[in-house]
Each structure stands twice: as C-alpha cells, then as structure tokens.
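Predicted, not measured: the structure shown is a model, and the values here were computed from it. Within every chain, numbering begins at 1; the chains are lettered A, B, ... in the order of the sequence lines, protein sequences first and strands thereafter.
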Amino acid sequence: MSELIKFLEQESTEKRASFPKFQAGDTINVHVKIREGNKERIQQFQGVVIQRKNPNTNGETFTVRKVSNQIGLERIFPLLSPSIEKIELVRRGKVRRARIYYLRGLQGKAARIKERR
Amino acid sequence: MPGIIGKKIGMTSLFTADGKYTPVTLIQAGPCVVTQVKTVETDGYAAVQLGYGEKKLKRTTKAEAGHFQKASTSPKKKVAEFDVEGVSFNLGDTVDASLFVEGEFIDVVGTSKGKGFQGVVKRHNFAGVGGQTHGQHNRARHPGSIGAASWPSRVFKGMRMAGRMGGNRVKIQNLIVLRVIAEKNLLVVSGSVPGAKNSYVLIEK
C-alpha cells in the first residue's frame with residue numbers, strides 16, 4: 001500500500017488501537033452517541049460479541065448480542081464509527097470459534113460462556 | 001474555474017464528520033508551476049498553463065525546454081491549461097492543494113483504464129440473452145438484431161457494437177473535497193476517479 005494512504009489511515013489505526021482488545025465470546029459494553037433532535041446523549045449496549053468482520057480495515061464491524069426480556073437483540077457497530085464513544089471489556093469469554101452464531105439457538109443456562117482467564 | 005494537475009494515489013474509505021462511511025480517493029495535487037499565462041490581448045482568451053511532475057532535461061525537446069526556461073522552472077511531465085475565472089496568476093508561481101477548501105465540489109478529469117476489446121454486455125450494458133434454455137445455443141452475451149431487412153436494409157451509423165473499451169478521457173463531476181492536507185499536497189475526494197493509480201488527473205473547481 002502506498003505510504004500516503006497509510007498516512008491518511010494513521011488516524012484510524014490509532015483509533016483502533018485505543019479500543020480494548022476483544023474477540024468473539026467476550027462481553028463488552030459499547031457507549032454509543034445517540035442524537036435526539038438537537039440533544040446528544042450516550043446509550044450503553046452491553047452484550048456478547050458474536051463476530052468481528054473485516055478486521056484491521058476501516059470498515060471493520062462487530063456484532064453484539066444481548067437478550068432482553070427473552071428477546072434476542074443484535075446490533076452491528078462499525079468499529080471506527082464516530083458515534084462510538086467508548087468500548088468497555090466486561091468479561092472475556094472462552095469460545096472455540098471466531099463466529100459464535102450457535103449462540104442464537106441457545107437459551108438460558110445453555111447460552112452461558114465460560115470465562116477465559 | 002481554476003484547477004490543478006494531480007496524481008491519483010489510490011482509494012480507501014473513511015468516516016466523514018456526519019458519521020457516514022464513504023469511499024474516498026487520495027490525490028496528490030501539485031505542487032504545479034505556472035508555465036504560461038494566456039491573456040485575451042495576446043492569445044484571444046484568458047487561461048493559465050500549469051506544469052506538474054519532474055522530467056529529465058535529456059528527454060525534453062529543445063522547444064519545450066525553452067518554454068519551461070521562460071517560466072524559470074525545470075521541465076515538467078504533464079502540462080495542462082485551466083480557466084482563470086476570478087484568480088490571477090503570474091509566470092513561475094506555484095499552485096498547490098491549498099487552492100481547494102474542504103467541502104468544495106470539484107470535477108476530476110482522467111484517462112479511464114483500458115479494457116481492451118469488449119463485447120456489448122460490458123461495453124454498452126446490453127442485457128444479453130435472458131436464459132440458457134428455450135433454444136439458446138451459444139449466444140448468451142450476443143447483441144441480437146442490429147437492424148431490419150427490407151427497410152432500412154442497412155445498419156444505422158453509430159449502432160452500438162463490440163469494440164475497444166476504456167482509455168478515454170472521462171470527467172467525473174461534483175465530487176466533494178473531504179479533506180485538504182496542505183503540507184503534503186493531498187486531496188481526499190469522495191468517490192472514485194477515472195484512471196489507474198499513479199496516473200495524472202486534472203482537478204477542476
């Protein structure tokens with residue numbers, strides 16, 4: 001890749017490095033800026049990371065799943081989106097694959113993930 | 001509308017200030033040198049000629065060398081003319097990326113990538129034959145009829161057919177300057193720009 005493109009992408013590289021390292025199976029808390037009219041506030045979305053797509057590119061996204069009132073909720077966030085204020089790593093999970101789609105079919109006790117230490 | 005000569009560096013993508021993920025092209029815009037100033041009195045119209053890209057003196061014709069000598073600059077690879085609406089230039093001035101401001105609409109001219117000899121489906125966006133069955137043999141990407149028999153009993157001029165594609169001068173209008181990095185003479189432009197990497201492009205305001 002051209003040096004000049006690297007120079008342009010330096011910002012996003014730095015931003016990517018400012019987030020904690022997380023992978024599929026980890027529980028994270030995403031602080032998202034929400035606009036309501038002219039007001040801006042921060043909403044938190046806590047759940048299990050199901051996948052990270054297009055890693056180490058500007059278009060990298062990750063999917064967070066949480067179960068709220070027995071309804072599964074999944075949200076896809078672009079990692080470098082300006083609306084992401086902060087990402088907190090709550091708990092590291094031990095899973096055997098990079099995309100844990102099987103979690104969607106599991107409920108209650110079965111949907112637990114062992115903690116990675 | 002003044003402009004500048006640049007070099008296409010490549011593409012990437014980034015988030016704009018309003019949070020939209022946009023494909024962008026990076027252009028090295030200048031620094032260009034004013035090699036000639038044309039005025040209505042001397043040339044019949046007003047324009048400015050810019051030069052960009054270093055060229056060896058050995059590979060420059062004597063006529064060209066003299067022309068660049070007049071502007072007291074080294075020989076340039078690419079020379080192009082631009083309008084001078086509302087801006088004044090002097091011979092030998094340098095023009096760089098600071099000519100542009102962020103958020104400005106620009107047009108970019110370049111030579112599109114050559115595609116070689118292409119059929120009508122790629123070249124003219126023909127739909128081809130719909131299916132593989134119902135008596136179709138080997139004509140899935142053929143143009144079909146190119147005219148009728150008894151009248152006009154000829155093929156009209158300009159009928160779109162297969163042939164050489166690409167390598168044309170193409171202007172892409174209304175691209176937005178997303179960022180100007182003045183110290184490196186870089187422009188970050190929304191969307192794509194005609195031509196291959198490292199090819200020369202003209203950026204017009």
Quick check: are there more than 12 heavy atoms from other residues, nucleotides or ligands sitting under 6.0 Å from [atom1] of [X]?
X     : atom1 : value
A:E11 : CD    : no
A:Q46 : CD    : yes
B:K55 : NZ    : yes
A:R97 : CZ    : no
A:R99 : CZ    : yes
B:K77 : NZ    : no
A:Q70 : CD    : no

Look up atom [atom1] in [X] and atom [atom2] in [Y], then write down how far apart they are to the nearest 0.5 Å.
X      : Y      : atom1 : atom2 : result
A:I5   : B:I9   : CD1   : CD1   : 7.5 Å
B:K20  : A:S81  : NZ    : OG    : 12.5 Å
B:K7   : A:L4   : NZ    : CG    : 9.0 Å
A:L8   : B:I181 : CG    : CD1   : 5.5 Å
B:K184 : A:E3   : NZ    : CD    : 8.5 Å
B:F15  : A:S12  : CZ    : OG    : 10.0 Å

| Shortest non-hydrogen contact from B:G19 to A:P82? |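 Heavy atoms of B:G19 and A:P82 come nearest at CA-CG, 3.6 Å.
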| task | Take B:Y21 and A:L80 through the side-chain contact (heavy atoms from CB on, under 4.5 Å) test and state the conclusion after the steps. | result | CA-CA 9 Å; B:Y21 189 53; A:L80 299 178; over 6 Å; no
| Exam field: side chain A:N58 to backbone B:S13, donor-acceptor pair closer than 3.5 Å | yes
